[in-house]
Amino acid sequence: MDKDSRNGRPIGTGDEGQVFIMGTNNQSRRPDRRWTTKQTVSLVSVVSAIIVIIILTSVAVWYFAGYLQEKAEESHEGNDEKVPRVYTGYFKLKDMEFVPELESRSSMAFNQLSWEIHKKIKNAFTSSSAFASYYNVSAVTAFSQGSVLVYYMVMFQVKKSDLELLQSLLSVDIIREFLMSELTRDRMTNHGVFVPSSLTIYSSDEKTALLIQSSCSKTIRVGSSPVQFTSPGFENDQYPPNSECQWFLRGSPGKQLQLNFQVFELEDDCSQDFVEVFDMLIPAKNKSISLECGKQQPGSLSLTSSSNMLLLIFFTGNQHNFRGFKAKMTQLPASKCGNVDLEAVEEEKNFTTPFFPSHYPPNTQCVWKIQVKAGKRIRVVFSRFELEEPVEEDVCIKDYLEVLGTRYCAEQAIFAVRSVGQTLEVRFHSDDFLTSRGFLAEYVAFDPDNPCPGKFACRSGLCVPTIRRCDTWNDCGDNSDELDCNCRSNEFTCGNRNCIESSKYCNGHDDCGDGSDEACNAGSTCTDKDFKCLDGDCVKKINPECDNQPDCSDNTDEENCDCGMRVYQPTRVVGGQDAEKGEFPWQVSLHLQEYHASHPTHTCGASIISERWLVSASHCFQEGGKDPKLWKAYFGLHSQNALDDEEVVRHDIKRIITHGSYNSWTYDFDIALLELESPIRYTYQIRPICLPAMTHNFPVGKSCTITGWGSTKERGPAARVLQKADVNIMNDTLCKKLMDGDTTHRMLCAGFLEGGIDACQGDSGGPLVCVELPSGHWFLAGVVSWGEGCARANKPGLYTRVTTVRSWIYTNTDNEV
Ligand code: ARG
């Protein structure tokens, strides 16, 4: 009896008349279908058959239970547990005619041929002294034209402790050599002649072992009109647990297939439920085009094949069943992506990777040659850029774009390239592995003497509307639109970036309009309101940190200022409550594994303050949340439904430091530091927030921003997409009164007397941030702590005042932050 290696279920037999083998006991047998039709079966034999089945089943169950227990014990003390090793590939039989019935896994032709070939493969392994004891099961899973291509899968089972020893025996090269020589000897003369050079073999993921005998297999063929298919149980709005299904998708030779998911609703955790699509009829690891879980916008996920075949597999875990998917498959003429000649003119035109914004097909090479008339140059702006496979150490060897000798890969914020002369060549390459949306490139001719008429010319080569200059957003990608935003030398730069004559500074009149020219702390002695430089000097100006103007003679007010800045993202929209991707790159989502839950879920927010440290609220780590091992920190996260997005990074927590004076009754000193197990790498979507100096002033009335995935109303559901809202800093005395005296100096109030906008459950630990102009740096003013209900009138939100715990943070991060 064979066992499901994944979650302890016995593997069912294939319907559709699929042929397979139960491995090691060698009792493989072809399912015999004749008795139902041909023989008159007596009652006695039916009854005895039932009894035999019952006995067999109970023996099997008993054996199975014992096996499970044994397995549990083994995995406790050692690694004698067996693990599957799965391989898949194809080979060619020549001098054999491909008949359309071979596409249908329930046809006689399919069954006969697959059974015969399967026997040969099985025989090869079971009669080899090297492989026999590891061989478990194999199957011929599909055929295609040419003369006949045979697709197969093989599984071995190996003790974990032997894995290392067997590494070379079970390498694809050795298995290929072995199979090649065995099948060459056999020649398979009854069914065409085996062509040794055609034999390929790939390794396949362990989980695909279940597909070898899956009873949930379908073949779908598309012709001139699209076809639709759905996951099992779709009509009941719920897929069954523990499924392992596969769809063999086929089109006509010379065409490409495009799959569009009109409904896609799966569990968020891809290790439980997922859809994976392969650019071939077999689940070879390196032919995977995409692995998806969670929810997708209807119609937003499209995948394209490089030839006329795809394999879609669908696995579900043992709980949390969702609606599933509905896919539409279309046949497209093969994409033309060869040499394309383009002419750049004044008016902007564009080109894209094939099928953009659907996924580009694997194995694609395109070249665009752009020309421009004499005296002009070419600018190409890549406003969307998403290629697959993040690469190690920034070398682009998988899918990439190449232009002017530079390769670009993975995901990029908007960027531009400019030609040096009158021509520019742009190349795109995709390998046979994962694919993504690709890029959108806009090309235009420009005058080198006036590259951005009517716009601001970034150093990066982009042109941005002049109103985006000095708006605190890095629109250029290299921040050049946010430099030199200060006034002339004889002028004072106001907090709102207005310029006034220097002589009006501290004249008793609000010339700026925001009071910033009247915040003058004249006097020669240090007061505790003054910013202190490391050398002991005092700066009278308010909030001199990171304002791009050196105030300390030792420059310590302008050190460690690579924080609180964000990078323009192509998806930027104005208004709305959903945050934009990358708008709050310091925001962290903390997931807690609760005792009864199957997997960790979002519980609190936090902020990045350095590559190793996060700030959050102490109250998040009471009782069930004390153990750092129970938490996972997500960075670069936008939607809780997209934990697997490639820009999202997850880290373990090494240490939780809660404040020694934290009071769980009053929420006084509600602050905590989390040390990460390993440092984070900053990206466009992952950046730190600036910590304010102890003396930093966040004035009453200032509009600041709160963000989080907490409830969107009191007792309401948690948000999926990161939410943002602006709240005003409130007067302490007023706040104390509103909160019946329950506040301390460590608490800062923000919100509106009329209510309506507030943080809520699930936002705790997250940031309250304020931007300082003109520098555009964002500072962490508060940490979401508590409130009475949410968004009620006269009940503002309470935040831990970061300035009051600034030195505690410094000391407890080993003076790092
Ligand atoms: N304590 C809450 C949490 O754990 C945050 C409450 C914030 N409430 C408010 N009304 N501002 O998520």
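Atoms within each ligand, like the ligands themselves, are counted from 1 in listed order.
Among pairs with a residue in residues 597-615, those fulfilling salt bridge (charged side-chain N to carboxylate O under 4.0 Å, His left out) read Arg612-Glu675, Arg612-Asp814, Arg612-Glu816, at least two apart in sequence or across chains.
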- [ ] Evaluate the side chain to side chain contact (heavy atoms under 4.5 Å, CB included) criterion for residues Leu691 and Phe779: first the C-alpha distance (whole Å), next the side-chain angles of each, then the deciding distance (0.1 Å), finally the verdict.
- [x] CA-CA 6 Å; Leu691 283 177; Phe779 286 84; over 6 Å; no
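Of the candidates Trp786, Trp665, Tyr667, Tyr662, His619 forms a ring pair (Phe, Tyr, Trp, His ring centres under 6.0 Å) with just one, namely Tyr667.
Near ligand 1, His619, Asp758, Ala759, Cys760, Gln761, Gly762, Asp763, Ser764, Val784, Ser785, Trp786, Gly787, Gly789, Cys790, Gly797 each place a heavy atom less than 4.0 angstrom from the ligand.
When only modelled atom types and interatomic distance are considered, Ser785 and Asp670 share a side-chain donor-acceptor pair under 3.5 Å. Side-chain atoms of Thr705 and Asp726 form a donor-acceptor pair, as typed in the model, at a separation below 3.5 Å.
A 4.5 Å side-chain heavy-atom check between Gln723 and Thr707 finds every atom pair outside the cut-off.
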